Amino acid sequence: MFVYADNAATTKMSKTAIDAMLPYLDTWYGNASSLYEFGQKSAEALAAARETVAGCLGAEAREITFTSGGSESDNQAILSAAAIGARKGKKHIISTAFEHHAVLHTLKKLEKYGYDITLLDVHENGIVTPEQVRGAIREDTCLVTILFANNEIGTVQPVAEIGAVCREKGVIFHTDAVQAAGHIAIDVKAQNIDMLSISAHKFHGPKGVGALYARRGIPLVNVIEGGAQERGRRAGTENVGGIVAMAAALSEACANLEKNAAYVSALRDKLIAGLKTIPHAALNGDETKRLPGNVNFCFEGIEGESLLLLLDEAGICASSGSACTSGSLDPSHVLLAIGRPHEVAHGSLRLSLCEENTSEQVDYMLREIPRVVEYLRSMSPVWKDLTSGKKQFML
Ligand SMILES: *Cc1c(COP(=O)(O)O)cnc(C)c1O
């Protein structure tokens, strides 16, 4: 059996998205900046896609800038808010220890330019509270950037409440909603969000395309300099096919959001309940305040990498954390942020489901994962030390 359970890393494009994209790859391949009628077809498609994406987020079309994906949107949002802050002499930014690296590395860069960065601790359940944000805001704070839903452990943050605190204090609030968009409801106005990043390939759109929402009145700094595309906010010939497909995918995901969430979260809960029966295993992140498709466990006494390789042999595509860090042997910064000790964080497994997964696949994973965990433990010196009492169990 083949099971793709790594939808947090990327998703399969939906048929709707592919069908929407194709005409702009062959028939209507014109440059949207051209003056002739043929190119205007592309410009019209861009305008329609902007309306659609804005509509799905509760924004206005002019507040949407198309980018190359989640990473670029995060970079542009943060650099823009930092520039606005600098003009007012405000160079303090608040974020969290468990952001995506697109955020963390951009903040690191700003630190070199004299910005003061506060990374909030994350509670054991993988949630940051509005009270923590309130307590960290200073006179010179120019930005709060906190992800909507964590990409490794799937925990969903109290975004509207955090946004309300930022509004009250007059601080720009950006959220990386790459894992949330198309999976849980987003309304930038109701949720008090000033800037928000999304990426098409996380909701069955194509890779290499995303969007940044910036509330009217928030000027953006260019990350890509050149032509005047995107009203001067992002240079480069527009990826018309990709953008059209993103709009189609987002609109489809939003139209089916509740139905998909109900179906996928039932699969998730079945998987969680089954994996919990493995001894010395623990779910990472809050059990209910999490994305419909996210399951993330730590198994004591084994290495996540070996687990992934054996699961791959069994036809199961999974991850030990974020795809961007796999290949490195450092334990996940997210698991460390929620207080998992190094040894435990090493034995992590993320399974991320979507509406294409089936109950039979969950049954299969619930047969294979316990078998593989037991096999790896039978060969693990650490497990031996744990069972002989030489080392203390932590889970
Ligand atoms: C995938 C992801 C990104 C990066 O998006 P790309 O489109 O791959 O650049 C950023 N943030 C989060 C939370 C993600 O899951």
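Nothing here was measured: the structure is a model prediction, and the numbers come from that model.
- Under 3.5 Å, the side chains of His346 and Ser320 contain no donor-acceptor pair of N or O atoms.
- For residues 289-316, the pairs satisfying ring-ring contact (aromatic ring centres under 6.0 Å, His included) are Phe297-Phe299, with sequence neighbours left out.
- Within a 6.0 Å sphere centred on CD of Glu225, heavy atoms belonging to other residues, nucleotides or ligands number more than 12.
- Judged by distance alone, the side chain of Asn7 and the main-chain N or O of Ser352 form a donor-acceptor pair under 3.5 Å.
- Tested against Tyr4 for a side-chain contact (heavy atoms from CB on, under 4.5 Å), the candidates Leu353, Thr10, Ile316, Thr11 yield a single pass: Thr10.
- Distance check: Cys298 SG to Leu349 CG gives 9.5 Å after rounding to the nearest 0.5 Å.
- Residues satisfying the side-chain contact (heavy atoms from CB on, under 4.5 Å) test with Ser95, not counting sequence neighbours, are Glu99, Val103, Leu107, Leu119, Thr145.
- Pairs of residues two or more places apart, or lying in two chains, never qualify as ring-ring contact (aromatic ring centres under 6.0 Å, His included) while including a residue from residues 221-279.
- Without hydrogens or angle criteria, Lys91 side chain to Tyr113 main chain gives a donor-acceptor distance under 3.5 Å.
- Using a 4.5 Å cut-off on side-chain heavy atoms (C-beta onward), Thr141 and Ile94 make contact.
- Residue pairs meeting the salt bridge (Lys or Arg N to Asp or Glu O under 4.0 Å) criterion with at least one partner in residues 174-187, sequence neighbours excluded, do not occur; the list is empty.
- At least one side-chain heavy atom of Arg290 sits less than 4.5 Å from a side-chain heavy atom of Leu283.
- Across every non-hydrogen atom of Glu368 and Ala314, the tightest pair is OE1-CB, 3.6 Å.
- For Asp312, there are no side-chain hydrogen bond (donor to acceptor under 3.5 Å, both in side chains) partners at least two apart in sequence or on another chain.
- Between Ile64 and Ala211, the shortest heavy-atom contact is CG2-CB, 4.1 Å.
- Residue His183 holds its NE2 atom at 9.0 Å from NZ of Lys202, rounded to the nearest 0.5 Å.
- For the pair Asn357/Val264, no side-chain contact is recorded, criterion being any heavy-atom separation below 4.5 Å from C-beta on.
- Using a cut-off of 4.0 Å between Lys/Arg side-chain N and Asp/Glu carboxylate O, Arg134 and Glu168 are scored as salt-bridged.
- Taking each heavy atom of Trp28 and Ser42 in turn, the nearest pair found is O-OG, 3.5 Å.
- Listed by first and then second residue, the ring-ring contact (aromatic ring centres under 6.0 Å, His included) pairs involving residues 351-395 are His280-Trp383, His280-Phe393, Trp383-Phe393 (not counting sequence neighbours).
- Nearest heavy-atom pair, Asn192 versus Ala160, reported as atom, atom and distance to 0.1 Å: ND2-O, 3.0 Å.
- At distances below 3.5 Å, not a single donor-acceptor pair connects side-chain atoms of His204 with backbone N or O atoms of Thr16.
- Under the rule for a side-chain contact (heavy atoms from CB on, under 4.5 Å), the partners of Thr106 that lie at least two apart in sequence or sit in another chain are Asn75, Ile78, Leu79.
- Classification of Asp140 and Lys88 as a salt-bridged pair fails, no side-chain N sitting under 4.0 Å from a carboxylate O.
- In the hydrophobic cluster analysis, where Ile, Leu, Val, Met, Phe, Trp and Tyr join through side-chain heavy atoms closer than 4.5 angstrom, Phe2 is grouped apart from Val372.
- Take His123 and apply the ring-ring contact (aromatic ring centres under 6.0 Å, His included) test, not counting sequence neighbours, and it matches no residue.
- For Glu258, the CD atom is loosely surrounded, since the number of other residues' heavy atoms within 6.0 Å does not exceed 12.
- Between the side chains of Asp286 and Thr155, no donor N or O sits under 3.5 Å from an acceptor N or O.
- The shortest distance between side-chain heavy atoms of Thr96 and Gln157 does not fall below 4.5 Å.
- When hydrophobic clusters are built by joining Ile, Leu, Val, Met, Phe, Trp and Tyr residues whose side-chain heavy atoms come closer than 4.5 Å, directly or via intermediates, Val144 is not grouped with Leu212.
- Between Arg234 and Phe66, every side-chain heavy-atom pair lies at or beyond the 4.5 Å cut-off.
- The nearest pair of heavy atoms linking Glu60 to Ala54 is C-CB, 3.5 Å.
- Grouped by direct or indirect side-chain proximity (heavy atoms under 4.5 Å, Ile/Leu/Val/Met/Phe/Trp/Tyr only), Ile18 sits with Met13, Met21, Leu22, Leu25.
- Grouped by direct or indirect side-chain proximity (heavy atoms under 4.5 Å, Ile/Leu/Val/Met/Phe/Trp/Tyr only), Leu309 sits alone.
- At distances below 3.5 Å, at least one donor-acceptor pair connects side-chain atoms of Asn150 with backbone N or O atoms of Phe98.
- A 4.5 Å side-chain heavy-atom check between Ile84 and Pro219 finds at least one atom pair inside the cut-off.
- The hydrophobic cluster containing Ile162 also contains Ile153, counting ILVMFWY residues as joined when their side-chain heavy atoms lie under 4.5 angstrom apart, directly or transitively.
- Counting heavy atoms from C-beta on, the side chains of Phe173 and Val171 never come closer than 4.5 Å.
- The backbone N or O of Val221 lies less than 3.5 Å from a partner atom in the side chain of Ser80, making a donor-acceptor pair.
- A salt bridge does not link Arg377 to Glu374: none of the charged side-chain nitrogens sits closer than 4.0 Å to a carboxylate oxygen.
- With a 6.0 Å radius and a threshold of 12 heavy atoms from other residues, nucleotides or ligands, Glu124 has its CD atom at or below the threshold.
- Put simply, the side chain of Gln40 gets close to the backbone of Ser34: a donor and an acceptor are under 3.5 Å apart.
- Side-chain atoms of Gln191 come within 3.5 Å of backbone N or O of Ala185 as a donor-acceptor pair.
- Nearest approach of Ala81 to Leu143, heavy atoms of both residues: CB-CD1, 3.8 Å.
- No side-chain donor-acceptor contact under 3.5 Å links Gln132 to the backbone of Val128.
- Applying the side-chain contact (heavy atoms from CB on, under 4.5 Å) test to Glu343 and every residue at least two apart in sequence or in another chain returns Pro341, Met394.
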Could you walk me through whether His174 and Ser197 satisfy the side chain to side chain donor-acceptor pair (under 3.5 Å) test, starting with their C-alpha distance in whole Å, then the side-chain angles of each, then the deciding distance to 0.1 Å, before giving a yes or no? CA-CA 8 Å; His174 165 254; Ser197 310; 2.8 Å; yes
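- Looking only at distances, a side-chain donor or acceptor of Gln229 sits under 3.5 Å from a matching main-chain atom of Gly236.
- Judged as a side-chain contact (heavy atoms from CB on, under 4.5 Å), and not counting sequence neighbours, the contacts of Glu356 are Lys12, Cys354.
- Residues Ile198 and Val209 share a hydrophobic cluster, clusters being chains of Ile/Leu/Val/Met/Phe/Trp/Tyr side chains in contact below 4.5 Å.
- More than 12 non-hydrogen atoms from other residues, nucleotides or ligands lie less than 6.0 angstrom from CG of Asp363.
- Residue Glu63 forms a salt bridge (charged side-chain N to carboxylate O under 4.0 Å, His left out) with just one option from Arg233, Lys189, Arg50, Arg231, and that option is Lys189.
- At a threshold of 4.0 Å, the pair Lys276-Glu287 counts as salt-bridged, since one of the basic side-chain nitrogens sits closer than that to a carboxylate oxygen.
- When atom types are taken as modelled, the side chain of Arg268 and the backbone of Leu291 share a donor-acceptor pair closer than 3.5 angstrom.
- Clustering ILVMFWY residues whenever any of their side-chain heavy atoms sit less than 4.5 angstrom apart, transitively, puts Ile172 in a cluster other than the one holding Ile137.
- Side-chain atoms of Glu360 and Met1, non-hydrogen and from C-beta on, do get closer than 4.5 Å to each other.
- The distance from atom CD of Glu252 to atom CZ of Phe203, rounded to the nearest 0.5 Å, is 11.5 Å.
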